[in-house]
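All remarks here apply to the structure that follows.
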Amino acid sequence: MSVTSDTGPVTLTPSGTGPVRYDPFEVGAMADPYPVYERLREEAPLYRHAQGDFWVLSRFDDVFRATRDYTNFSSAKGLTFIKDEMKILGLAPTFIMMDPPKHTALRRLISKGFTPDRVSAMEPLIRAFVRERADQVAERCAAGETPNIVSEYTSPLPTFVLAELLGVPPEDRARFDPWSTAITSGSMEEESLGNAVQAVAGLFGYFIQLLERRRVDPGDDMLSALRSAEVDGQRLSNWDLLGFCFVFIAGGNDTTNHMLANALVRLAQHPEQRAYLVAHPERIGPAVDEFLRYDAPVQGLSRTLTAPMELYGQTLPENAKVHLLYASANRDPRQYGERAHELDVTRDVQRHMSFTQGPHFCIGAHIARMMGRIGLEELLRRFPNYQLDLGGAVRTNSAFVRGYEQLPFAAG
Ligand code: HEM
């Protein structure tokens, strides 16, 4: 089977001329950031973003090591390079923004809700939901429309699954997506930050009500279970519970949506690889990790240095923000060989950085992979020759995530 390389337009920096410039806030930065990542890895593996006052690591080994070295690379001061991120969003630290050992106890508790058995038990429910959605897409295509596959398919799937996990009643579900989008589309622009602040407030307000309802009327959901759980003989505070909901909604919704949308675009661009998966549906599960490697939905997140550190002959001060470019690490030829820049759905991906590594390894990875597998299985079964109008596609405007808001879809 042949593979084709990704040859999208370069919109960040002309490659090969002048010093490499990385600016995730530049308009259009996410259209194709990979040529810049390549130059960072080769020419500036420790890059300083002077204006934003942060540093960037882009090679697999560096990023991998940093995510595991939580003593030096702390999560406790936020996950972006935006200064005062915690103050701006009005956030108290949630467990994703804690270091071990504090992080460990909370994580252990929450992991109980994510046993492979519990996740596998959701498969029939997820498949039924996805089939219903695919039916609706088919009906709209048959009526001559070109539905937006993001709003009709890839985005409702994680929204549904998260709501099921948390025990959110069906009538409240449509409220999730806008909050999640606003929280994850971080940019330095005031309007975007304002939306994120409002979304955090909306989400917290909603879950305070839901927790109260669950106190009076507990259900068979994770929120009810967590309400009565104890760490070191103590109940979790409402603040911990809210933080937990926040991380789930913000961390699980758009990421999964982007994973699926990016995969659909790549398969449309690589018809021979799509034909391979249509003919070998049992390979879709393993291919999900190749899609994740190839287009990390979360392109990078930051850590804060707890002490000065020598890196590539330079001394970074204590409290320096270091941005870890997961998406660049995922395409490092030192890790994946010469064909790292090529999509290959038959590749055996042993590990990648899209779920990070170390203590914060994505707790939802198992269910995310399952959503990826079922979402693609059902779509490819139903629409083996689907087409996307990439000219009409609208990308998510974000410095941290890569995905789409709109992808016009035709049954083919
Ligand atoms: C393809 C989909 C997903 C991607 C790419 C993704 C990515 C990530 C990444 C990169 C982190 C680590 C953040 C860091 O660097 O500190 C993370 C953590 C986390 N993710 Fe996911 N995620 C996905 C789906 C989900 C889902 C579906 C859920 C919930 C059901 C979820 C819940 C979490 C939680 C709770 C954490 C925090 C873990 C901790 O701090 O110990 N994620 N995820």
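When a ligand or atom number is given, it counts from 1 through the structure's own listing order.
At a 4.0 Å cut-off, not a single heavy atom of Met98 sits close enough to ligand 1 to count as contact. Residue contacts with ligand 1: Pro158 is excluded, as none of its non-hydrogen atoms falls under 4.0 Å.
Nearest protein heavy-atom neighbour of atom 30 (C) of ligand 1: Phe114 CZ, 3.4 Å. Scanning the protein heavy atoms around atom 1 (C) of ligand 1, the nearest turns out to be Met259 SD, 3.7 Å. The protein atom (non-hydrogen) at minimum distance from atom 40 (O) of ligand 1 is His360 ND1, 2.6 Å. Among protein heavy atoms, atom 14 (C) of ligand 1 sits closest to Arg303 NH2, 3.4 Å.
At a threshold of 4.0 Å, the pair Arg331-Glu38 does not count as salt-bridged, since none of the basic side-chain nitrogens sits closer than that to a carboxylate oxygen. Salt-bridge formation is detected for the pair Arg382/Asp135: a Lys NZ or Arg NE/NH1/NH2 atom is positioned less than 4.0 Å from an Asp or Glu carboxylate oxygen. Ion pair Glu342/Arg347 not flagged as a salt bridge, since none of the NZ, NE, NH1 or NH2 atoms sits closer than 4.0 Å to an Asp/Glu carboxylate oxygen. A salt bridge links Asp172 to Arg213: one of the charged nitrogens lies within less than 4.0 Å of a carboxylate oxygen. Salt bridge Asp53/Lys321: absent, no basic N to carboxylate O contact under 4.0 Å. A salt bridge links Glu378 with Arg381: at least one charged nitrogen is closer than 4.0 Å to a carboxylate oxygen.
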| said: Before you tell me yes or no, could you show the steps for Phe400 and Leu79 under side chain to side chain contact (heavy atoms under 4.5 Å, CB included), namely the whole-Å CA-CA distance, both residues' side-chain angles and the distance that decides it to 0.1 Å? | reply: CA-CA 10 Å; Phe400 304 103; Leu79 298 180; over 6 Å; no
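The heavy atom nearest to atom 13 (C) of ligand 1, out of those in Leu301, Leu324, Asn257, Leu79, is found in Leu301. Nearest to atom 36 (C) of ligand 1 by heavy-atom distance, out of Ile249, Val247, Val401, is Val247.
Near Phe248, the atoms of ligand 1 lying under 4.0 angstrom from a non-hydrogen atom of the residue are 29 (C), 30 (C), 35 (C). Every atom of ligand 1 with a heavy atom of Met371 under 4.0 Å away is listed here by number and element: 27 (C). Taking every heavy atom of Tyr326 and a limit of under 4.0 angstrom, the matching atoms of ligand 1 come to 10 (C), 14 (C), 15 (O). For ligand 1, the atoms lying closer than 4.0 Å to a non-hydrogen atom of Pro359 are 41 (O). Atom numbering of ligand 1 starts at 1 in the shown order; those under 4.0 Å from a heavy atom of Thr356 are 10 (C), 12 (C), 15 (O). Near Leu162, meaning under 4.0 Å from any of its heavy atoms, are these atoms of ligand 1: 29 (C), 30 (C). Listed by number with element, the atoms of ligand 1 under 4.0 Å from a non-hydrogen atom of Arg107 are 38 (C), 39 (C), 41 (O). Ligand-side atoms of ligand 1 in range of Ser354: 5 (C), 7 (C), 10 (C), range being under 4.0 angstrom from any heavy atom.
Using cut-offs of 30° and 60° for the angle between ring planes, the Tyr47 and His49 rings count as perpendicular. Note: Tyr37 and Tyr34 have perpendicular aromatic rings, judged against thresholds of 30 and 60 degrees for the angle between ring planes. Ring geometry for Phe54 versus Phe81: interplanar angle under 30°, hence parallel rather than tilted (30 to 60°).
The main-chain N or O of His352 is found under 3.5 Å from a side-chain atom of Gln357 such that the two form a donor-acceptor pair. With hydrogens and angles ignored, the 3.5 Å screen pairs no side-chain donor or acceptor of Gln335 with any backbone N or O of Asn330.
With a heavy-atom cut-off of 4.0 Å, His103 touches ligand 1 through its side chain alone.
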Atom pairs and distances, side-chain donor-acceptor, residues 385-392, under 3.5 Å, sequence neighbours left out:
from, atom 1, to, atom 2, distance (Å)
Tyr386, OH, Leu264, O, 2.6
Asp389, OD1, Gly391, N, 3.2
Asp389, OD1, Gly392, N, 3.1

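For the ring-ring contact (aromatic ring centres under 6.0 Å, His included) test with Phe409, the passing option among Tyr404, Tyr153, Phe383 is Phe383; the others fail.
Protein N/O/S atoms found under 2.8 Å from atom 21 (Fe) of ligand 1, listed by chain and residue number: Cys362 SG.
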